[in-house]
Amino acid sequence: MTTTIEQETELLAAVPTGLLINGEWRDAASGKTFDVEDPATGKVLLSIADAGPEDGAAALDAAAAAQESWAKVPPRERGEILRRAFDMVTERAEDFALLMTLEMGKPLAEARGEVTYGAEFLRWFSEEAVRAFGRYSVSPDGKSRLLVAKKPVGPCLLITPWNFPLAMATRKIAPAVAAGCTMVLKSANLTPLTSQLFAAVMQEAGLPAGVLNVIPTSTAGATTGPLIKDSRLRKLSFTGSTEVGRRLLADASENVLRTSMELGGNAPFLVFEDADLDAAVTGAMAAKLRNMGEACTAANRFIVHESVAGEFAEKFAAKMKEMTTARGTEPESKVGPLIDAKSRDKVHELVSDALASGAKAVLGGAPVEGPGYFYQPTILSGVSEGTRILSEEIFGPVAPIITFSSEDEAVRLANNTEYGLVAYVFTKDINRGIRMGEKLETGMLGLNAGVISNAAAPFGGVKQSGLGREGGLEGIEEYLYTQYIGIADPYAS
Ligand SMILES: NC(=O)c1ccc[n+]([C@@H]2O[C@H](COP(=O)([O-])OP(=O)(O)OC[C@H]3O[C@@H](n4cnc5c(N)ncnc54)[C@H](O)[C@@H]3O)[C@@H](O)[C@H]2O)c1
Ligand SMILES: O=CCCC(=O)O
């Protein structure tokens with residue numbers, strides 16, 4: 001059912017529009033606000049407070065002041081706050097889903113999926129909060145005792161992207177809460193509303209004042225730059241483009257700040273000659289069209305064995321053709337708008353460049369006429385090596401296909417990128433699947449699977465896709481440091 005204007009207005013009225021600093025919602029010191037737009041219509045949804053450097057400093061003051069007492073809160077209590085937040089987000093799933101659809105554009109069904117995925121980080125880390133164990137051991141020579149403790153790293157700056165407005169925030173906030181860290185969250189300026197609502201839920205779930213401070217801003221660099229150079233900050237966790245991540249890493253080096261970097265991707269999707277082609281097409285649809293292709297995990301290069309490339313392209317195109325583009329609130333919507341005009345133009349630039357270099361559009365190949373930033377689901381065949389579309393993140397519903405004739409060539413093509421986030425492999429040969437795991441230079445691999453994101457798994461990349469892992473047993477470690485205490489021989493006289 002299409003959502004009504006009344007439903008949308010009522011929901012937007014419930015979203016806090018201020019900055020959250022030390023447990024209070026307040027205006028920006030400058031009094032400035034910025035607009036958040038609906039990418040399907042270009043209309044303004046809401047204006048919210050626009051933090052500047054003064055507000056950033058106030059947020060870090062609050063986080064630094066709360067750190068000592070927050071670290072002393074028993075792990076079980078911290079876990080219970082996260083568990084209550086999980087229950088509350090789940091109860092309000094429809095609100096969170098609609099809000100994400102409004103500000104980011106994804107179809108409602110997908111937004112509901114993100115609520116489930118994003119909430120799961122709250123539940124997972126509510127369980128991990130009580131398992132941040134250290135160890136005690138006897139030294140190899142038996143003469144001393146080794147005590148290894150895990151401690152919260154301290155105040156963190158969390159910077160999130162626009163493409164998964166809930167999950168990218170919970171994937172950082174939940175482990176930080178579990179570990180006993182305080183935070184300043186700089187949400188994405190294109191999609192800050194979901195974080196605003198989520199922060200209100202965290203307050204209601206019992207998170208003490210100052211533990212989570214939220215500073216949406218239209219001036220990211222000017223507002224967060226001074227925080228990164230402030231010695232009270234102990235950790236920067238960033239999710240976004242490799243380009244911005246690289247700059248932040250340079251800034252973070254000044255104080256040798258601990259960092260987690262979840263950056264861009266250029267995922268290869270390999271289809272071998274022995275693959276179940278129907279399963280490969282189902283996987284391709286998920287790996288390409290999830291989030292309209294606006295995912296770091298999106299399949300960016302379809303590398304298909306020459307003997308099955310024609311049949312794969314035909315079957316893939318038949319499925320893609322069924323994908324209706326429409327505002328995400330419409331029941332028929334399978335592909336929502338891209339986030340803004342700049343992103344849509346970049347997608348079209350890459351497609352035009354590939355076509356000019358000899359590729360053929362099996363399907364689509366152009367923006368959709370009319371309001372909003374829609375792009376036609378597109379398949380390109382005959383893309384040649386060296387074309388821009390194979391080396392840059394597309395971030396749109398466009399699938400370029402290239403072919404290979406041997407396993408070695410497939411591996412060479414797949415690894416021919418500075419990125420290393422995820423790869424997808426479709427084959428019925430288990431040994432080949434294992435070989436691919438060993439040969440592909442990525443932090444994650446989908447074996448006969450087109451989506452592998454899971455709160456219980458370590459998400460992250462190698463090469464220029466980043467540093468560190470989010471989720472899984474590893475996720476909480478990013479917010480803990482290890483302290484070793486050497487103890488003299490308790491039997492020595
Ligand atoms: N690896 C992952 O887990 C993952 C997940 C989601 C998105 N991404 C990547 O994110 C990118 C898309 O997101 P985006 O367009 O929001 O990325 P982006 O790098 O433009 O922005 C990410 C965040 O950084 C902020 N930012 C920008 N410049 C900054 C500066 N100088 N100082 C401080 N903050 C700054 C933005 O306001 C936003 O909040 C893609 O490259 C995608 O692959 C990666
Ligand atoms: O955009 C990248 C994040 C995608 C995910 O967590 O599945």
Side-chain angles (χ1 to χ4, degrees), residues 34 50-51 53 56 104 106 110 113-114 116-118 120-121 157-172 184-192 195 214-229 236-252 259-267 286-287 290-300 338-340 342-343 346 392-396 418-422 442-444 446 449-455 457-472 475:
F34 68 98
D50 190 354
M104 189 273 166
K106 65 185 79 188
E110 276 204 58
E114 184 177 342
T116 306
Y117 176 47
E120 193 54 36
F121 288 103
L157 173 61
L158 314 177
I159 302 182
T160 50
W162 51 263
N163 61 343
F164 287 89
L166 181 66
M168 296 304 96
T170 56
R171 201 158 82 176
K172 295 186 190 305
V184 176
L185 170 69
K186 206 293 291 165
S187 49
N189 58 320
L190 291 167
T191 60
S195 292
V214 184
I215 51 163
T217 176
S218 65
T219 53
T223 302
T224 61
L227 304 191
I228 295 173
K229 302 207 165 161
L236 167 64
S237 177
F238 171 79
T239 297
S241 61
T242 296
E243 189 192 347
V244 173
R246 204 181 277 129
R247 264 187 276 146
L248 295 181
L249 272 173
D251 293 346
T259 57
S260 299
M261 292 278 149
E262 293 287 347
L263 308 178
N266 180 6
R290 174 173 179 243
N291 227 37
M292 291 82 77
E294 293 173 315
C296 53
T297 48
N300 214 58
L338 298 183
I339 191 68
D340 59 13
K342 194 170 138 221
S343 303
K346 158 93 192 291
E392 296 181 30
E393 257 189 313
I394 304 171
F395 249 55
E418 72 261 30
Y419 295 105
L421 189 60
V422 60
T442 56
M444 302 179 283
V451 177
I452 56 167
S453 304
N454 194 313
F459 189 105
V462 297
K463 293 159 82 176
Q464 294 190 33
S465 286
L467 305 166
R469 292 294 179 267
E470 290 190 322

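Heads up: numbering here begins at 1 and tracks the sequence. Every value quoted in this text rests on a predicted model; they were computed, and no experiment measured them. Just follow the structure's listing: the first ligand is 1, and inside any ligand the first atom is 1.
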query: Should T297 be counted as touching ligand 2, given the test is an N or O pair under 3.5 Å?
result: no
- line: In ligand 1, the atoms that come under 4.0 Å of a heavy atom of K186 are 25 (C), 36 (C), 37 (O), 38 (C), 39 (O)
message: As an exercise, identify every atom of ligand 1 less than 4.0 angstrom from a heavy atom of G221.
response: 30 (C), 31 (N), 32 (N)
Nitrogen or oxygen atoms of E294 and ligand 2 under 3.5 Å apart: no
- prompt: Considering only heavy atoms of T224, which atoms of ligand 1 have at least one such atom less than 4.0 Å away?
  reply: 32 (N), 33 (C)
- prompt: Is ligand 2 under 4.0 Å from a heavy atom in the side chain of E262, in the backbone, in both, or in neither?
  reply: neither
- prompt: Of all the non-hydrogen atoms in the protein, which one sits nearest to atom 6 (O) of ligand 2, and at what distance?
  reply: Y117 OH, 2.7 Å
message: Looking at ligand 1, would F164 count as a contact under a 4.0 Å heavy-atom criterion?
response: no
message: Among C296, S218, P161, A188, which one puts a heavy atom closest to atom 13 (O) of ligand 1?
response: P161
field: side-chain contact (heavy atoms from CB on, under 4.5 Å) evaluation trace for L249 with L467
entry: CA-CA 10 Å; L249 272 173; L467 305 166; 4.0 Å; yes
- request: Give the numbers and elements of all ligand 2 atoms closer than 4.0 Å to a heavy atom of S453.
  value: 5 (C), 6 (O), 7 (O)
- line: Closest to atom 6 (C) of ligand 1 by heavy-atom distance, out of T160, T239, I159, is T239
task: Using non-hydrogen atoms of the residue, decide whether R171 is closer than 4.0 angstrom to ligand 1.
output: yes
message: Any nitrogen or oxygen of C296, side chain or backbone, less than 3.5 Å from one on ligand 2?
response: yes
- prompt: Short N/O distance, under 3.5 Å, between F238 and ligand 1?
  reply: no
query: Hey, which atoms in ligand 1 end up nearer than 4.0 Å to a heavy atom of N163?
result: 6 (C), 7 (C)
statement: Quick look: R290 vs ligand 2, heavy-atom contacts under 4.0 Å, and the answer is side chain
Those atoms of ligand 2 less than 4.0 Å from some heavy atom in N163: 1 (O)
query: What residue and atom, counting heavy atoms only, is the protein's closest point to atom 17 (O) of ligand 1, and at what distance?
result: S241 N, 3.4 Å
